[in-house]
Amino acid sequence: MAASDTAQVGDGTPMAGSGAAGLPRPIARFLARTRRRIRLQRAATGAGYGLAAGLAVAVVAGIAARLWPILLPYQLALLALGAVGVGSLLGAALGAARPLPLRQVAAQCDRELGLRERLGTALELVEGRARSTLAPRQLAETAALLAGQRPPEFAPPRPGRRAVLTLAALAGALALLLLGPNWQTGAVQRQTIEQQRIQEAEQQVAQMQEQARARTDLDPATQRALEQQLEELRGRLADGDLTAPQAVAQIAQTEAELRQMQDPAAQQRAEGLGALAEEFGTFGATSQVGERLAARDYESAARALREFSDQLGGLDPASRAAVAQKLREAAASQAATNPQLAQQFQDAADALAGGDIAAAQAALDAAGAQMAQTGQQAAGQQQLGEVLGDLGDLKRDVANGQSPATANGTPVRLSGSPVALNGTPARLSGTPRTGGTPVVAQGQGQGQGQGQGQGQGQGQGQGQGQGQGQGQGQGQGQGQGQGGGNGSGSGYSPTGSGNAPNQTPGGYGSPQAPPDGQGRANPGGSYESVYAPPPIGGQGQREQVSGGGGEGTPPNGTTQGAGANSPSQVPYNQVYEQYRDQALQGIEDGEIPPEYRDYIRQYFSEIDPSQQK
C-alpha cells in the first residue's frame, strides 16, 4: 500500500500505529463522516435536555415573579425565551462535545452495515493491537468494500414517554405563568417608576453640583462643602437598591447637613452693605465704591476702595477731614450688622484725622478685603439657600412619584408677599394681631352700608373697591358714611372726619395702616376678621365700615348690605383651614408656580392659629 493511501481520521486521531501501515484513505473518510453524523445525533439529544432545563428555569422564575415583585410580564417572557434558547444551545454543545472514541464509531458502523467487524479489525491492525501477515490484504479488501458505501443513516433520537410528558408539563406551566395575571405587576411597575425617579433625582443633584462649581463668587469654604455634600448624595442615590422612602431619607439627611452651614448673620452683613452703598454713593470721592456696592459687585467695590485709599496721600487737610467724617458715617452704618467692618472704617477715620496716612490706607485695605469676604459669604449663603430649596422640591417629587423639575436651573427666590392664588376665595393680607387694621381680602360681590350716630361733630367720606368695599362712618358723633364698590382690587377708603370726644376705640387700631402681607405672631386675644364670601344665592354680605379722623378715634362698625342676614366678616381662624387646604391642593395639582410654593407654605405656617400664643 502506497504512503499516499494512508491518512488520519478527521478529528486528528492517527491512523497508523508502531510497525503498521496507515489506514487506507477510503476507510479514514468513511469513519470521519460517520463520526460527524453521530455527533450531530448527540447534539440533537443534548438540545432536548437543554430545552427541558431552560423551561424549568423559566417556570421557576415565573413562580418567583408571583411571590416577589421582581419581574414585569414582558421581562419574564424575555427571560423564558433566553433560558430556552441558551439551554438548548448549551445542551447541543455539550452533547456534541462528549468523547467519541474511533473504536466506538467503527463498532457502530460494523453493526449498522453488517460488516462483520471488518472496521474494528482494521483499526486493531493499524494500531498494533493485532498482528497478521494478511493485514495488507485485509485492509485493501475493507477499503474496496467501503468505496461504494455511504455512512449509515442514524435515526433521529426519539425521546421517551417520560421525557415528552416532562417537556409538555413544563411548557404548559410556563404558558400559564406568561399569560395569567400577576398580582405583583403593580408593585414592580411602582418600583420601576421609583427607580426612574431616583435616577432622575441623581441627575438633578449632578446639575446642582455643576451649578455650584461654576460659581466664581462663592465663599471657597462654603463652595467646597456644598460640592462635597452633593457628591456624597449623588453616590447614595446612584445605588440601584434604594426605594423612594430611602431616597427621600438620604435627601433629607443632606438637607440637615447643609442647614448646619447656614449663617443668617452673613446675609445680614451683606444687606448692611446696602447702607454703606448709600453713604459712599453720595460722596464724590467714594461714589464708585458706592455704585459697585449698590450693584452687589463686592470684589470690584473692594478694588475701588483700595484705589481710593491710594489717593489719600494727595488730599489737602480739608479734604482729609471730609473723608474722615464720611468714614465715621460709614462706620456708623455698619455698626449693627458688621462690627468688624465698622471698626475698620473707624480706625481709618481716626488715622486719617491724626495724619497717619499709612495706617488709614491699611485700615481701608482691610475694610475692602472684609467687604469682598462679606460678598463671598453672602453669595455662598444664597447658593446654599437655593440648593436647599431645590433639594426640598426634589424630596417632595420623589416622595410623590413625580418627575423632578429642578434640573433646568435653580428657582429664583422672590422677595415680598406671596401672589394671590387662583381659585382661592380670598387671600389673607395680614396675620392675627390683637389690635390693628382689619385684614382685607379680595373677593367678588358688591355691598353698600350706611351708619349714623348722634353726638357732636360731623364728617363724611366715601371709597370704592371690588369684593369688599370699605367706606366711612361715625362712631359717636353726628355724621354719615358710605362704602360701595365698583372696580377691582381691595383697599382702604379715605378716612372721613368727625368729633367724638371721650370715646374709646373699638377692637382695631389705626385704619390708616395698609396690609403689608408680613405677619407677626398673635400675642393672644381675639383674631382679626377676614372677608369670607357667602354661598352663591345668599342674602347679601356684610361690609366693614370704619370711621376715623377728628379728635377721637371712633370705633369700627359693620352694616348689612341689602337683604343681608348672615355676616361675611368672620374671625380668620374659622376659615384658615379652608384657605390653607385650597392653597396646598393648588400646589399638589401643579397650578402654583414652583417659585411661589415655599412662600405659600411658610405663609400659612406662620399664620396658623394653633401656633399663635
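As the structure is a prediction and not an experimental result, all values here were calculated from the model.
Of all the heavy atoms in A348 and A360, the pair that sits closest is O-CB, 3.6 Å. The two residues L242 and A247 make their nearest non-hydrogen contact at CD1-CA, 4.4 Å. The shortest heavy-atom contact between A359 and A351 is CB-CB, 3.7 Å. Contact detail for A252 and K395: the closest heavy-atom pair is CB-CD, 4.1 Å. Smallest separation of non-hydrogen atoms from A277 and A294: CB-N, 3.7 Å. Contact between A330 and S333 at its shortest, heavy atoms only, is O-OG, 2.6 Å.
In this structure, Q585 CD and D581 CG are separated by 8.5 Å, a value rounded to the nearest 0.5 Å. Atom CG of L305 is separated from atom CZ of R303 by 12.0 Å, given to the nearest 0.5 angstrom. Remark: Q267 CD to Q382 CD distance equals 7.0 Å, nearest 0.5 Å. The distance from the CE atom of M208 to the CG atom of L388 is 10.0 Å, given to the nearest 0.5 Å. Taking CD1 of I198 as the reference point, atom CD of Q246 lies at 8.0 Å (rounded to 0.5 Å). Taking CG from D397 and CZ from R197, the interatomic distance works out to 9.0 Å, rounded to the nearest 0.5 Å.
The shortest side-chain heavy-atom distance between L364 and L327 falls under the 4.5 Å cut-off. In this structure, the side chains of L233 and L391 come closer than 4.5 Å at one or more pairs of heavy atoms. Considering only heavy atoms from C-beta on, Q250 stays 4.5 Å or farther from D239 through its side chain. Side-chain atoms of L273 and L341, non-hydrogen and from C-beta on, do get closer than 4.5 Å to each other. Looking only at side-chain heavy atoms (C-beta outward), V387 and Q229 stay at 4.5 Å or farther from each other. In this structure, R234 and L230 have side chains that are not in contact, with every pair of non-hydrogen atoms separated by 4.5 Å or more. Side-chain atoms of Q370 and T374, non-hydrogen and from C-beta on, do get closer than 4.5 Å to each other. In this structure, T337 and E271 have side chains that are not in contact, with every pair of non-hydrogen atoms separated by 4.5 Å or more.
Looking at E200 and S403, their side chains do bring a donor and an acceptor atom within 3.5 Å of each other.
Between the E202 side chain and the G235 main chain, no donor and acceptor come within less than 3.5 Å of each other. A donor-acceptor pair is defined here as one N or O able to donate and one able to accept, closer than 3.5 Å; no such pair exists between the side chain of R320 and the backbone of L352. The backbone N or O of S309 sits less than 3.5 Å from a side-chain atom of Q361, completing a donor-acceptor pair.
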Please table the atom pairs, donor to acceptor, closer than 3.5 Å between any side-chain atom in residues 213-220 and protein atoms at least two apart or in another chain.
{"from": "R213", "atom 1": "NH1", "to": "E210", "atom 2": "OE1", "distance (Å)": "3.4"}
{"from": "R213", "atom 1": "NH1", "to": "E210", "atom 2": "OE2", "distance (Å)": "2.7"}
{"from": "R215", "atom 1": "NE", "to": "D217", "atom 2": "OD1", "distance (Å)": "2.9"}
{"from": "R215", "atom 1": "NH1", "to": "Q383", "atom 2": "OE1", "distance (Å)": "2.5"}
{"from": "R215", "atom 1": "NH2", "to": "D217", "atom 2": "OD1", "distance (Å)": "3.4"}
{"from": "R215", "atom 1": "NH2", "to": "D217", "atom 2": "OD2", "distance (Å)": "3.3"}
{"from": "D219", "atom 1": "OD2", "to": "T222", "atom 2": "OG1", "distance (Å)": "3.0"}

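Applying the salt bridge (charged side-chain N to carboxylate O under 4.0 Å, His left out) test to every pair with at least one member in residues 327-345, sequence neighbours left out, gives these pairs: K326-E329. Sorted by first then second residue, the salt bridge (charged side-chain N to carboxylate O under 4.0 Å, His left out) pairs that include residues 342-363, not counting sequence neighbours, number zero. Within the structure, salt bridge (charged side-chain N to carboxylate O under 4.0 Å, His left out) contacts touching residues 283-299 (residues at least two apart or in different chains) do not occur.
Among residues two or more places apart in sequence or in another chain, the side chain to side chain contact (heavy atoms under 4.5 Å, CB included) test is passed with S287 by none. Applying the side chain to side chain donor-acceptor pair (under 3.5 Å) criterion to Q381, with sequence neighbours excluded, gives no partner residue.
Aromatic pair F308/F280: centroids not less than 6.0 angstrom apart.
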* **Derivation and outcome, side-chain contact (heavy atoms from CB on, under 4.5 Å), residues L584 and F604** => CA-CA 10 Å; L584 295 180; F604 279 98; over 6 Å; no

